Every structure is written in structure tokens, then in C-alpha cells.
Amino acid sequence: MRVLLIGNGAREHAIAEKISADAELITIMAKKNPAIAKLSKKHFICDINNPLEVSACAKDLDIDVAFASPDSTLANGITDALDKIGISTSSPTKSAARIEWDKEYMRSLMKDNKLSGRVEHEIVHNLKDAKEVMTRLGNVALKPIGLTGGKGVKVSGDHFTNIQGALSYANEVLLKDKKLLIEEKIEGEEFSLQVFSDGTHIYDMPPVQDHKRAFENDLGDNTGGMGSYSTGKLLPFIEQNDIEQGRKILQEIVHAMRKEKNSFKGVMYGQFMACKGGVKVIEINARFGDPEAINVLALLKNSLTDMFLSIADGNLERPEFSDQSTVVKYLVPEGYPTKPIADSPLLIDEQKVLASNAKLYYASVYEKDSVIYTSSSRAIATLGIANTLEEAEQKAQIACNAVKGKVWHRKDIGTKELVNKRIVHMKIIRQGAGSDGQ
């Protein structure tokens with residue numbers, strides 16, 4: 001089998017590792033990821049958001065199935081471009097990926113079809129309307145309509161403490177985008193639930209909790225994700241009913257999209273909030289999460305190649321997963337996320353990583369004269385996998401310690417202290433109190 005993968009981050013490194021285990025991997029990357037290049041039979045470098053450039057690289061490769069991975073790549077119609085040149089695909093079209101790149105479409109789809117998990121929201125086009133909606137809703141979450149790399153959401157109590165602060169950010173977004181999504185702030189604990197979809201059926205993957213905040217104890221700006229953990233079939237703070245509700249919502253969305261002839265094939269994931277009154281939708285994404293993909297793919301027992309083929313064929317295979325625990329921690333450049341230091345060399349003790357049975361996944365790094373250097377974004381994801389969360393966290397931490405250079409990471413991800421904080425908070429929420437939200 002020949003599988004084409006488009007993308008070059010740590011998420012794509014994890015995908016590439018699974019594909020290369022049983023298929024010939026061909027990759028198209030925006031920048032050379034040295035680890036993905038080593039796994040690839042062939043690799044090409046081009047603008048992966050440009051359909052013409054990607055098509056030119058892919059047209060004579062005799063590909064069995066292709067998977068376009070990053071959100072911006074999907075939003076720019078790369079799946080459609082591959083379809084046009086006769087390559088079978090297992091990722092969503094531009095129209096289907098709209099569920100992520102257009103939050104107005106996502107909220108309207110849910111509202112029009114009376115789907116579960118809706119939150120109260122309004123789209124506004126000026127500051128006067130923004131102020132009226134904020135006054136009516138009270139605590140709010142402000143969201144740009146389009147893609148923001150996980151960094152565009154601002155929430156009452158976290159990013160602003162009064163309506164003046166909220167209006168200042170609203171004005172910033174309105175000047176840029178001409179419209180803004182305002183949602184009620186919901187209280188609870190977040191979790192990610194990813195599913196494979198063939199356009200009709202879905203099968204879910206183990207739930208994961210991502211950590212968006214830059215610093216320990218969930219402080220600082222939002223990032224693309226500083227790390228994540230999973231504990232098999234459930235997370236310590238959620239119940240089976242939360243998973244069932246999340247799965248039901250995603251199935252409803254896939255059904256609604258199929259009904260309007262906008263079939264979703266690929267990986268979809270819901271960012272959900274477990275609340276006192278049930279599960280609510282924060283966002284819907286048209287791809288694997290990053291870092292959540294690393295957690296779930298480490299547990300996948302099936303061939304990922306076969307999964308992609310079954311998606312493309314419209315006859316979805318049932319995935320099987322190990323119930324082990326996984327912890328991912330991201331090493332990021334000094335100064336990240338506001339003023340990251342780029343072009344800094346990293347010294348990696350690969351033997352130490354191997355000895356701990358941990359793994360490294362290269363994200364935004366490059367190689368020069370056999371040395372790995374940072375860029376201005378997340379550098380390397382470390383993965384620990386074990387029978388217990390405590391052991392998995394220790395392995396991920398050992399892997400972090402094996403990388404020397406101007407990088408840092410959140411040491412609290414996956415620790416007993418932080419997980420217990422989630423458990424206590426969720427108990428308070430289910431009993432009807434609490435203050436934290438999106």
C-alpha cells in the first residue's frame with residue numbers, strides 16, 4: 001500500500017509512524033520534519049495550503065489513499081484537489097471541514113437541526129450589538145469565526161474582568177474579521193473526544209484532556225496545547241454518560257451534514273465541556289487534535305492504513321484501543337507563546353528516551369549538520385505510555401529531561417495533583433457550584 005500524508009508537525013509524526021509500520025509512506029510537507037522524512041519513502045516540500053502545488057507533487061505517485069492533516073490545509077481544499085486528480089482520500093473536503101473553519105456554520109448547523117449540546121450564542125457585526133449581547137449573557141466567551149490555532153478564544157474572568165475589557169477584544173476581532181461569535185460562558189471540565197467517520201458511521205477513540213494554558217496551574221495565555229493525558233476508556237473526572245453524550249452529539253452532526261449533502265469523511269473531534277446539566281460543545285474540529293492524536297494513536301491496535309482505506313471506501317472499520325494511560329508533554333522554546341526564541345540548538349539524549357520506553361515526536365524543528373534546532377512554535381512532544389497514569393507521566397517527564405537547550409514544558413500535566421484538582425472541581429460542578437469555564 002502507498003499512503004500519502006500531508007503535514008509536518010508532531011501530530012503528523014505520530015500519524016506517519018503508524019502508517020509506515022505497514023505501508024509505504026509518501027509525505028508532502030511545508031517544511032522538512034527530519035523525523036517524518038526518515039519514515040518516508042519519498043517526501044516533497046511545498047506550500048501545503050496551495051492545491052496546485054500539492055497536486056503537482058502528488059499526481060504521478062500511484063497513491064492508494066491520502067490523508068490531509070492540518071486544519072489550514074483542509075480549509076484550503078487540499079482534499080478536493082487530490083480528489084480531482086483521482087486520488088482516494090480519507091480526510092474531509094473543504095466544504096465538510098467548514099465545521100471547523102467557520103464557527104458560525106457549526107453553531108447554525110446545531111441550532112437549525114436542534115442538536116444536543118448547544119450553547120446560547122450570537123454573531124455580532126458591531127460593538128453596539130456586542131455590548132448588548134454581553135450585557136444579556138453576563139459571563140461570555142469571545143471567539144473569532146475562523147481558524148486561530150487554538151489561541152483566539154478570550155473568556156470572562158480569565159482574559160478580562162469587566163465589559164470594557166471584553167469590548168476591547170471584541171473591537172480587535174471586529175476590525176479584523178467584521179464579525180464575532182459571542183457565547184455564554186459554560187462551567188465545567190473540558191475533554192476531547194475524537195471519532196473516525198465514513199460519512200455515515202462513527203467510531204470513537206479514548207477521551208483525552210488537553211491543556212491549553214501556557215503555564216502550570218492553568219495560568220497564562222492559550223496555546224496550541226501544552227500537553228494532554230488519557231486513561232483508556234474514561235478520564236478520572238468524567239462519567240460514562242459524558243462519553244455517550246459526546247458520541248451522540250458527533251453522530252448527530254455527521255448525520256446533519258450528510259442530510260444537507262455535505263458528507264464528513266475523516267477524523268472529527270469535539271471539544272466538550274462536562275457540565276452539571278450535561279455535555280456542551282465548545283468547538284468541533286475536522287481533524288485529529290494536536291496533541292490528542294499522539295495519545296490515541298499510541299493506543300490504536302488496528303492498522304491506521306486500513307482505517308483510512310475504510311473511511312475512503314465508506315465502509316468504516318471498527319477500531320480497537322489499548323486501555324493503557326498516556327501522557328504527552330510539549331517542549332516549547334524559551335519565551336513561548338508571546339516571544340519565542342528560535343534557531344536554538346537542542347541536545348537530545350536518545351538513549352535516555354529509549355531506556356525509559358518513552359517517545360519523542362518532532363513538531364516545529366529543523367535539522368542542520370545533524371543538529372536539531374527550535375523554531376518559533378512548539379518544538380517536541382514527549383509521550384509516556386504505561387498501565388497507570390503515574391507511570392506514564394514519569395516516562396514523559398524523563399523524556400523531557402533528556403532534551404537540553406532553550407526549551408521548557410509544563411511539569412504538572414498528568415500529575416496526581418492536577419488530576420485531583422480536576423476531580424474535585426467536577427464534583428463541585430455536578431453539585432451546582434463552581435467558577436471555571438472555557
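Please read these numbers as outputs of a predicted model, since none were measured by experiment.
- Note: Lys185 NZ to Leu142 CG = 11.5 Å, rounded to the nearest 0.5 Å.
- For the residue pair Ser228 / Asp210, no side-chain donor-acceptor distance below 3.5 Å is found, with atom types taken as modelled.
- Under the 4.0 Å criterion applied to side-chain N and carboxylate O atoms, Lys329 and Glu393 are assigned as salt-bridge partners.
- Closest non-hydrogen pair, Ala396 versus Thr382, comes out as O-OG1, 3.2 Å.
- Checking side-chain atoms of Lys18 against main-chain N and O of Leu300 turns up a donor-acceptor pair under 3.5 Å.
- Formation of a donor-acceptor pair under 3.5 Å by the Glu100 side chain with backbone atoms of Ala286 is found in this model.
- A side-chain donor-acceptor contact under 3.5 Å links Ser375 and Ser364.
- With hydrogens and angles disregarded, no donor-acceptor distance shorter than 3.5 Å links the side chain of His425 to the backbone of Lys421.
- A cation-pi arrangement is not found for Arg11 relative to Phe288, the charged atom failing to lie both closer than 6.0 Å to the ring centre and inside a 45° cone about the ring normal.
- Side-chain contact check for His201 and Gln251: no donor-acceptor pair (N or O, by modelled atom type) lies under 3.5 Å.
- Checking Ser192 against Gln271 by side-chain atom types alone, no donor-acceptor pair falls below 3.5 Å.
- Closest approach of Ile48 to Ala30, counting heavy atoms only: CG2-N, 3.5 Å.
- At a cut-off of 3.5 Å, with distance as the only test, no side-chain donor of Glu320 or Asn302 sits close to an acceptor on the other residue.
- When all heavy atoms of Leu389 and Ser230 are compared, the pair lying nearest together is CD1-O, 4.1 Å.
- The one candidate from Asp22, Ile15, Leu309 that meets the side chain to side chain contact (heavy atoms under 4.5 Å, CB included) condition with Leu304 is Ile15.
- For the residue pair Tyr105 and Asn262, a side-chain donor N or O sits within less than 3.5 Å of a side-chain acceptor on the partner.
- Between the side chain of Asp204 and the main chain of Arg247, no donor-acceptor pair closer than 3.5 Å is present.
- For the residue pair Ser40/Thr27, the side-chain donor-acceptor check at 3.5 Å is satisfied.
- A distance of 10.0 Å separates OG1 of Thr231 from CG of Asn295, quoted to the nearest 0.5 Å.
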Practice item. Would you please test Tyr269 and Glu283 for side-chain hydrogen bond (donor to acceptor under 3.5 Å, both in side chains) and show each step? Key: CA-CA 9 Å; Tyr269 93 84; Glu283 288 186 358; over 6 Å; no
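- Between Trp408 and Tyr330, the distance from one ring center to the other does not fall under 6.0 angstrom.
- Between Met205 and Leu193, the shortest heavy-atom distance links the atoms O-CD1, 3.4 Å.
- Ion pairing between Asp47 and Lys31 fails under the 4.0 Å rule for side-chain N and carboxylate O.
- Other residues, nucleotides and ligands place more than 12 heavy atoms under 6.0 Å from the CD atom of Gln240.
- Ion pair Asp221/Lys212 not flagged as a salt bridge, since none of the NZ, NE, NH1 or NH2 atoms sits closer than 4.0 Å to an Asp/Glu carboxylate oxygen.
- In this structure, a donor-acceptor pair under 3.5 Å is absent between the side chains of His121 and Glu184.
- At distances below 3.5 Å, at least one donor-acceptor pair connects side-chain atoms of Glu252 with backbone N or O atoms of Ser116.
- Remark: the Glu292 side chain and the Gln209 side chain contain no N/O donor-acceptor pair separated by less than 3.5 Å.
- Under 4.0 Å is where a charged nitrogen must lie from a carboxylate oxygen, and between Asp412 and Arg410 at least one such pair does.
- Checked by atom type and distance alone, the side chain of Asp242 never pairs as donor or acceptor with a backbone atom of Ile238 at under 3.5 Å.
- Residue pairs meeting the salt bridge (Lys or Arg N to Asp or Glu O under 4.0 Å) criterion with at least one member in residues 259-274: none, sequence neighbours excluded.
- Atom CD1 of Ile123 and atom CZ of Arg107 lie 9.0 Å apart (nearest 0.5 Å).
- Salt-bridge check for Glu187 with Lys276: failed, with every basic side-chain N at 4.0 Å or more from each acidic carboxylate O.
- In summary, Glu104 and Lys179 engage in a salt bridge, as defined by a charged side-chain N under 4.0 Å from a carboxylate O.
- A donor-acceptor pair under 3.5 Å links the side-chain atoms of Trp101 to the main chain of Lys94, judged by distance alone.
- Between Phe196 and Phe321, the ring planes are parallel. Angles under 30° get that label, and only those over 60° would be called perpendicular.
- The backbone N or O of Glu417 sits nowhere less than 3.5 Å from a side-chain atom of Asn420 that would complete a donor-acceptor pair.
- In this structure, Glu12 does not pair ionically with Arg287, as no charged nitrogen and carboxylate oxygen lie closer than 4.0 Å.
- Asn315 and Ser310 are not linked by any side-chain donor-acceptor pair at a separation below 3.5 angstrom, with hydrogens and angles left out of the test.
- With rounding to the nearest 0.5 Å, the separation of CG in Leu115 from CE in Met106 is 10.5 Å.
- Remark: Thr415 OG1 to Glu216 CD distance equals 8.0 Å, nearest 0.5 Å.
- A side-chain N or O of Thr79 and one of Ser91 form a donor-acceptor pair less than 3.5 Å apart.
- Across every non-hydrogen atom of Arg430 and Ala274, the tightest pair is NH2-CB, 4.5 Å.
- Formation of a donor-acceptor pair under 3.5 Å by the Asp102 side chain with backbone atoms of Arg98 is not found in this model.
- Salt bridge status for Arg2 with Asp64: absent, with no side-chain N to carboxylate O gap under 4.0 Å.
- In this structure, His211 and Tyr229 have tilted ring planes: the angle between them lies in the 30° to 60° band.
- Nearest heavy atoms, Gly414 versus Val327: CA-CG2, 4.3 Å.
- In this structure a side-chain-to-backbone donor-acceptor pair under 3.5 Å is present from His13 to Tyr362.
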